[in-house]
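So you know, we letter chains A, B, ... as the sequences are listed, proteins then strands, and number each from 1. Owing to the predicted nature of the structure, the values given are computational and were not obtained by experimental measurement.
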Amino acid sequence: MIETPPLVDQYCHGVLRAELGLGTFEAQLIHSAGPPAAGTTFFDTQTGFAVRRWCPPLLGLEPHAAPARYLARRRELGPAESARRLLRGSEVAAYLVDTGLTGDLTAPKELALAADAEAFETVRLELLAEQAADTSGTVAAFLANLAEAVHHAAAGAAAFACATVPGREDGTVFDPDPPGPGEVRGAAGRWLAGRPRGGAVRDPVLLRHLLWSAVASGLPLQLHTGTGDPAALTGFVRATEGLGTRLVLLGGYPYHRHTARLAEAFPHVYADAGAGLGRTGARAAAVLAELLELAPFGKLLFSSGGGRLPELHAVGALVFREALARVLGGWVAEGSWSWRDADRVAAMVAAGNARRVYRLDRP
Amino acid sequence: MIETPPLVDQYCHGVLRAELGLGTFEAQLIHSAGPPAAGTTFFDTQTGFAVRRWCPPLLGLEPHAAPARYLARRRELGPAESARRLLRGSEVAAYLVDTGLTGDLTAPKELALAADAEAFETVRLELLAEQAADTSGTVAAFLANLAEAVHHAAAGAAAFACATVPGREDGTVFDPDPPGPGEVRGAAGRWLAGRPRGGAVRDPVLLRHLLWSAVASGLPLQLHTGTGDPAALTGFVRATEGLGTRLVLLGGYPYHRHTARLAEAFPHVYADAGAGLGRTGARAAAVLAELLELAPFGKLLFSSGGGRLPELHAVGALVFREALARVLGGWVAEGSWSWRDADRVAAMVAAGNARRVYRLDRP
Amino acid sequence: MIETPPLVDQYCHGVLRAELGLGTFEAQLIHSAGPPAAGTTFFDTQTGFAVRRWCPPLLGLEPHAAPARYLARRRELGPAESARRLLRGSEVAAYLVDTGLTGDLTAPKELALAADAEAFETVRLELLAEQAADTSGTVAAFLANLAEAVHHAAAGAAAFACATVPGREDGTVFDPDPPGPGEVRGAAGRWLAGRPRGGAVRDPVLLRHLLWSAVASGLPLQLHTGTGDPAALTGFVRATEGLGTRLVLLGGYPYHRHTARLAEAFPHVYADAGAGLGRTGARAAAVLAELLELAPFGKLLFSSGGGRLPELHAVGALVFREALARVLGGWVAEGSWSWRDADRVAAMVAAGNARRVYRLDRP
């Protein structure tokens with residue numbers, strides 16, 4: 001058997017503190033623009049089946065328990081104790097927590113305590129801009145406060161994240177270069193003037209300014225690649241090459257092979273090897289194997305992509321661990337790889353690469 | 001073993017009434033812009049091999065019989081008896097027949113009789129426009145006749161289909177909104193003025209008008225996604241969300257994972273789980289497994305995509321049934337799914353989803 | 001077991017004559033814009049693992065030998081003897097050698113001698129233009145010399161190749177038609193005026209002129225499809241249909257299924273079934289199986305894509321042979337294919353298709 005060390009989950013969010021009914025729980029299982037279609041349920045998905053396979057045993061039930069029975073047991077234990085059992089059942093040593101998701105979620109320290117693990121913060125760039133906008137009266141104050149916030153975050157966080165990379169929704173190529181100061185001031189002025197309190201930043205010039213502020217900080221920058229071909233990011237990748245900042249491409253399924261190719265082609269690009277796995281459940285080994293075609297093994301990093309439900313953190317980790325053992329073990333069994341190499345690669349993807357990229361072990 | 005009920009084939013065409021020579025038969029096996037290249041034959045394809053595997057036994061020959069031998073046996077039985085044996089050998093309970101394909105093809109009722117199954121009509125939108133154009137002297141008459149034809153079809157058919165969705169050939173994004181009345185009148189006038197009798201509708205404004213007429217009818221609308229990334233349809237999908245009309249995306253291979261993602265993301269979107277399977281033969285289980293990654297299990301519908309040759313209906317159904325049993329059975333064997341869930345999902349994808357979406361069981 | 005005849009490697013380059021240190025060797029293993037990221041090595045890739053699996057035994061070491069140990073043994077034998085052993089260990093009967101790669105590489109005849117095989121030349125179109133530019137004083141002389149060079153190459157070479165198909169880097173669609181004479185003269189004048197000695201041709205008009213000159217010659221034309229969806233080539237494919245010239249699409253991973261679809265859709269289009277296999281190592285059978293979904297079996301041609309390191313030629317061939325036997329053998333074992341068909345298809349993809357397309361057996 002492949003030996004995998006305790007994992008580093010390089011991208012996740014906090015979990016909901018509140019108790020959840022069946023409908024609220026179900027709504028978190030997949031990414032949908034609306035409620036389930038008539039006659040269907042989100043439990044009838046790979047994610048739903050994976051939750052029912054892996055999570056009931058952690059709460060003392062049989063695998064594949066029916067949703068209502070599982071939710072009843074979850075209520076019996078309460079959200080805190082359920083989270084504790086689920087997180088501790090998945091052998092994760094450290095979490096990188098993107099704190100930019102809305103809702104009454106546990107902070108990194110609480111997640112760490114519940115999971116008996118370490119937790120590091122990943123700062124969402126868009127949030128820094130929105131917070132600066134909420135507290136600044138002028139364009140000049142906004143830009144100064146934003147610069148200060150980026151600087152401060154860079155000192156304490158493990159990484160920056162950007163969830164609204166320009167073009168990610170429609171796969172259009174965006175101007176890769178940093179916008180000039182006048183351009184930034186103009187865009188900031190227009191945004192601040194029209195913005196309701198708490199309004200999100202969507203302006204491409206401001207988003208590019210955020211990305212380049214993060215690049216300048218030297219902290220690794222996590223980019224959500226969205227649902228299109230990540231080749232749309234190639235211009236930005238080329239423009240940031242050799243500057244010393246690492247780019248970690250998140251998501252990517254069903255374009256994960258393309259993400260892996262970017263990690264092969266550019267020394268400063270890394271690929272996420274997790275978020276698609278929990279979502280695809282029984283197919284996780286197949287998806288992971290595709291990632292392992294082109295991505296250099298030192299460039300792939302596990303994540304659960306979990307958020308709101310601790311079930312998603314647990315399933316992400318358990319599915320990944322099983323998929324990794326199955327894929328690498330298969331290659332060893334057929335003679336393609338040696339045991340020694342397989343163990344070494346398992347340790348890299350599971351934890352070692354993330355520890356190196358995010359410098360988690362620095363004193 | 002997974003138990004699969006008799007299938008509902010949610011998208012197919014009639015079969016040719018005429019006797020077929022080797023060349024005519026071969027020409028129907030794959031989608032090619034011309035005859036086979038020198039030194040090659042369309043029988044040397046996954047579809048060709050799948051036909052030779054599954055069909056000869058239904059006509060009393062050994063599997064993998066040579067093409068000439070198979071065709072000789074087919075001629076011996078005659079086209080009607082061959083069709084009867086092929087269709088009855090594939091355990092399909094109901095067909096949705098798109099009657100928009102040209103050629104001397106069996107009508108839905110004839111197909112039903114030959115197959116000892118139910119048949120429902122799917123009305124091709126483009127054909128309604130072309131028929132209205134053939135019988136209308138003015139733009140006003142054309143638009144009135146078209147509206148009447150859509151209304152009439154909506155009362156009797158199971159679904160509408162559109163095979164020439166704007167942008168499907170080049171993956172360009174098309175204007176998702178319904179065109180205004182003046183725009184439609186202008187486009188109709190230009191088309192009618194320049195159109196030879198029987199000429200096909202290609203004008204994007206008229207095609208959008210057809211799509212929105214279908215959406216207004218409330219009948220499910222089947223869209224051929226063509227060969228590009230179906231993300232090009234996202235605008236239209238967004239624009240039709242919440243209106244009560246279901247969109248069923250046909251085809252999609254090799255972008256089937258992307259089609260599945262749209263079915264995950266939008267409550268009113270469904271994905272076809274069939275047309276690519278007969279085409280890929282020995283690889284059908286692999287392709288089906290990819291569809292089952294993101295598509296909610298209540299959103300996938302079997303089809304054969306068969307037309308002209310009853311072999312394609314038969315192969316579509318037999319390959320699908322075997323692939324489904326292998327994929328779901330494998331997940332049960334390794335502990336990822338329970339037997340009960342696998343049987344339930346098999347029944348949904350094979351027939352139940354189509355019966356619900358197209359309301360086949362309404363009195 | 002599937003019986004595969006000695007291979008025809010339809011696309012490769014010469015091998016480096018010089019002795020190689022660890023760093024130089026490593027740099028050839030993958031396509032990267034720079035050196036390995038800190039803490040990583042290109043040996044930790046599927047290609048690196050495949051080299052360590054297949055090549056050490058050919059030089060008398062155990063499989064999976066450490067890189068340093070392998071390189072030491074390679075130096076002990078010298079580059080010529082190492083190349084001889086590697087090339088002869090992979091059962092390739094004939095190589096088509098693209099001579100357009102820079103570096104101190106063996107010419108086709110030397111490669112043939114080292115490998116005890118036949119070798120044919122593939123002429124890189126861009127190189128003809130660059131050589132004509134280096135030796136011509138005027139636009140008229142350049143165009144005349146280029147025409148002469150194309151004509152001369154067509155008489156002696158097995159194929160033309162183009163590595164910089166317009167749009168291949170960004171997936172943009174390029175004007176598929178041949179440029180007019182005035183357009184070509186203008187583009188040539190601008191290029192020659194601004195060109196440093198040895199400067200590469202990048203002008204889209206000149207590249208189209210090269211492509212159409214090759215099409216006019218009737219020799220098969222190999223096109224590097226780059227990293228985008230090869231659907232961008234559809235216009236050029238349509239424009240060249242029926243002219244008698246065969247197009248062979250090289251590369252394509254991770255869009256190899258799309259390449260296969262083009263080979264299905266157009267009689268004069270062929271698909272490469274090799275270059276992605278050595279790169280993906282333990283995953284080669286999975287990638288090959290995907291190619292075999294839509295590509296007609298008479299339209300797929302093996303290549304190693306190897307260049308500079310004879311290890312890449314050897315790995316390409318050995319990985320392909322194993323993958324082919326596994327994929328086709330699996331289909332026979334499960335009853336999808338007959339033994340006879342599997343052996344026949346193996347012989348076609350391994351060698352027969354290339355012998356026919358490139359007329360290698362003409363006297």
Side-chain angles (χ1 to χ4, degrees), chain A residues 26 29-50 52-54 56-57 62-67 168-172 226-229 232 251-257 276-287 290 315 318-319 322-323 326, chain B residues 171 173 229-232 234-235 237-238 241-242 244 246 254-270 286 288-300 327-328 330-342 344-345 348-349 352-353 355-357 359:
Chain A
E26 181 186 356
L29 289 175
I30 70 169
H31 301 291
S32 170
T40 75
T41 152
F42 293 163
F43 281 103
D44 285 346
T45 56
Q46 291 286 4
T47 308
F49 280 26
R52 288 178 43 226
R53 173 197 188 179
W54 293 105
E62 292 289 298
H64 309 297
R168 73 180 286 273
E169 288 192 19
D170 52 6
T172 52
T227 57
D229 187 336
Y253 177 97
Y255 280 107
H256 47 292
R257 282 169 154 173
L277 306 189
R279 280 174 85 191
T280 58
R283 287 284 297 170
V287 174
E290 291 177 343
V315 161
L318 294 165
V319 157
E322 192 195 54
R326 191 188 311 173
Chain B
V173 175
D229 188 336
T234 306
V237 165
R238 286 227 169 86
E241 199 186 334
R246 287 144 164 181
Y255 280 107
H256 48 291
R257 282 170 154 172
H258 303 71
T259 307
R261 196 188 61 76
L262 286 172
E264 178 201 37
F266 295 96
H268 67 311
V269 173
Y270 294 77
L288 178 63
E290 291 177 343
L291 269 164
L292 287 166
E293 285 164 7
L294 281 206
F297 309 135
K299 296 291 211 74
L300 269 180
V327 170
L328 303 195
W331 291 339
V332 172
E334 73 193 27
S336 293
W337 285 28
S338 69
W339 271 117
R340 178 196 294 258
D341 282 328
R344 197 166 55 84
V345 170
M348 289 161 65
V349 179
N353 292 338
R355 291 193 177 279
R356 185 182 73 250
V357 168
R359 300 183 190 165

Heavy-atom cut-off 4.5 Å, strictly under: side chain, backbone, both or neither for [X] against chain B?
| X | answer |
| --- | --- |
| A:E290 | side chain |
| A:F42 | neither |
| A:R279 | both |
| A:A38 | both |

Measure [X] against the heavy atoms of chain A and call it side chain, backbone, both or neither at under 4.5 Å.
| X | answer |
| --- | --- |
| B:A289 | both |
| B:W331 | side chain |
| B:V345 | side chain |
| B:E241 | side chain |

If you define the side chain from C-beta out and look only at heavy atoms, does anything of [X] sit under 4.5 Å from [Y]?
| X | Y | answer |
| --- | --- | --- |
| B:E334 | A:E322 | no |
| A:V287 | B:E293 | yes |
| A:T40 | B:R356 | yes |

Q) Under the salt bridge (Lys or Arg N to Asp or Glu O under 4.0 Å) test, which residues partner B:R261, sequence neighbours left out? A) none
Q | By side chain to side chain donor-acceptor pair (under 3.5 Å) - contacts of A:T280 (at least two apart) | A |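 Per chain and number, A:T280 pairs via side chain to side chain donor-acceptor pair (under 3.5 Å) with no residue.
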